[in-house]
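First listed ligand is number 1; within each ligand, the first listed atom is number 1. All values below were derived from every heavy atom in this structure, side-chain atoms included, with hydrogens, water molecules and symmetry-related copies excluded.
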Amino acid sequence: MPLADTLGRPLRSLRLSVTDRCNLRCRYCMPEEEYVWLPRASILTFEEIARLTRVFTGLGVAKVRLTGGEPLLRHDLPALVALLARNPAIEDLALTTNGMVLAGQAGALKTAGLHRLTVSLDTLRPDRFEAYTRSKRHADVLAGIEAARAAGFSPLKLNTVVVRGYNDDELADLIEFGRGIGAEVRFIEYMDVGGATRWSAEQVVSRREMLETLARRYGSAAPLAGPRDGAAPAERYRLGDGTVCGVIASTTAPFCRACDRSRLTADGTWYLCLYAERGVSLRDPLRAGAPDEELAALIAATWRGRTDRGAEERLRVLDRGALYPAEALRTDPHREMHTRGG
Ligand code: SAM
Ligand code: SF4
Ligand code: SF4
């Protein structure tokens, strides 16, 4: 019997946040001036991460995604990729990056055994990039995307968080850019996750609106039928010109009922939902010498009790604003998207 939670959802997908640090300050993720970081001594070593991952794969996890913060800021990340690539139970080993330092690492990541790469790209305009991320290095992101292609990451995915008044007029430009380099673009609705202290409902561009915008340019988009992973958050569409793109309606039509994902922060705290108030420390028992069986029993019992449907519950909140004010995030950095891993 596969391990299932209270809603019958299997434990299949694990996001590993390898650092809470980031070299960008995206307005929808890290808009504040100051942040409280996880203490260095609490950060799991690569061996600890690989061991916990083996316990998870022993319980059914088959998909692993490295994230952060910016995962490529973690020193020698390809070494962790190589450790994980040796785990035969991982069918899908992926990484999400902002692309800033990808140019220098794409080849090493490929050699280490990384299967898939997603690069976040919200705008093609350097001036907008600077206004939104506080960085002038837009060209480095494009160079990173090019290096990923050259290293053989195909198909490459590009993630775009669509924010009204920022990049909602760039949907077609991003589609064209993606088509030109053989990458699939996935448009993501702006979420009110922890960390998004500037979130407001007015800035959310819904999936319906995105599809209408794309239809004006390409004709109506056809949902892709056929076998698809029921738990995958992106719905894929074929545009009038044949291009395929994804839309993730994580705010207006969340997919909690099929959610098989959980998240491990860089300090070994395990969260069953992006919105969960509390996590379970796996670092404490690990560092206290618990054998694998004990860790597996803890993980299995916790998953069996899982009831989380964070984004769906947020839909019922009237007068919705940011999930946490900045002060609340400073008292517990685990609530931040950049700590928990997107
Ligand atoms: N730093 C890497 C990056 O940006 O690709 C990996 C971590 S980041 C937290 C992972 C993903 O979360 C990115 O694609 C980012 O765009 C997305 N994200 C962050 N804040 C978000 C928000 N408020 N709403 C929707 N997506 C968000
Ligand atoms: Fe932007 Fe990713 Fe950094 Fe968040 S973690 S600020 S989304 S680059
Ligand atoms: Fe899964 Fe929580 Fe996201 Fe819903 S809000 S899809 S339960 S992580």
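Less than 4.0 angstrom separates some heavy atom of Gly68 from each of these atoms of ligand 1: 7 (C), 9 (C). When each atom of ligand 3 is checked for a heavy atom of Phe255 under 4.0 Å away, the hits are 6 (S). Listed by number with element, the atoms of ligand 3 under 4.0 angstrom from any heavy atom of Cys259 are 1 (Fe), 6 (S), 7 (S), 8 (S). Ligand 1 places these atoms under 4.0 Å from at least one heavy atom of Thr67: 6 (C), 7 (C). Near Arg261, the atoms of ligand 3 lying under 4.0 angstrom from a non-hydrogen atom of the residue are 6 (S). Taking a cut-off of under 4.0 Å to the non-hydrogen atoms of Ala311, the atoms of ligand 3 that pass are 5 (S). Residue Gly69 has at least one heavy-atom neighbour below 4.0 Å for each of these atoms of ligand 1: 1 (N), 2 (C), 6 (C), 7 (C). Numbered from 1 in the order shown, with element, the atoms of ligand 1 that lie under 4.0 Å from a heavy atom of Cys29 read 19 (C), 20 (N). The contact set between ligand 1 and Glu70, taken as ligand atoms under 4.0 Å from a residue heavy atom, comprises 1 (N), 2 (C). Atoms of ligand 2 found under 4.0 Å from any heavy atom of Met30 (numbered from 1 in listed order, with element): 6 (S). Of all the atoms in ligand 3, the ones that sit under 4.0 Å from a non-hydrogen atom of Cys273 are 2 (Fe), 5 (S), 7 (S), 8 (S).
Counting heavy atoms closer than 4.0 Å to ligand 3, residue Arg263 contributes side-chain atoms (C-beta onward) but none from N, CA, C or O. Residue contacts with ligand 2, taken as heavy atom pairs separated by less than 4.0 Å, involve Cys22 solely via side-chain atoms from C-beta onward. By the criterion of a heavy-atom distance under 4.0 Å, neither the backbone nor the side chain of His338 is placed next to ligand 1. Proximity of Val193 to ligand 1, defined as any heavy-atom pair under 4.0 Å, is confined to the side chain (atoms from C-beta onward).
Nearest non-hydrogen protein atom to atom 1 (Fe) of ligand 2 is Cys26 SG, 2.3 Å. Taking atom 4 (Fe) of ligand 2 as the reference point, the nearest protein heavy-atom neighbour is Cys29 SG, 2.4 Å.
Atom CZ of Arg257 is surrounded by 12 or fewer heavy atoms from other residues, nucleotides or ligands within 6.0 Å. The neighbour count for Arg238 CZ, taken as heavy atoms of other residues, nucleotides or ligands under 6.0 Å away, does not exceed 12.
Donor-acceptor pairing under 3.5 Å is lacking for the side chains of Ser206 and Glu189. No side-chain N or O of Asn159 forms a donor-acceptor pair with one of Ser120 less than 3.5 Å apart. The closest side-chain donor-acceptor pair between Glu235 and Tyr237 falls under 3.5 angstrom. For the residue pair Thr197 / Glu32, a side-chain donor-acceptor distance below 3.5 Å is found, with atom types taken as modelled.
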Practice item. Check step by step if side-chain hydrogen bond (donor to acceptor under 3.5 Å, both in side chains) holds for Glu70 and Thr19. Key: CA-CA 7 Å; Glu70 173 44 40; Thr19 179; over 6 Å; no
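Arg263 forms no cation-pi arrangement with Tyr271, by the criterion of a distance under 6.0 Å to the ring centre and an angle within 45° of the ring axis.
Partner Glu184 forms a salt bridge (charged side-chain N to carboxylate O under 4.0 Å, His left out) with one of Arg179, Arg236, Lys157 and no other, that one being Arg236.
Using a cutoff of 4.0 Å between basic side-chain nitrogens and carboxylate oxygens, Asp5 and Arg304 are not scored as salt-bridged.
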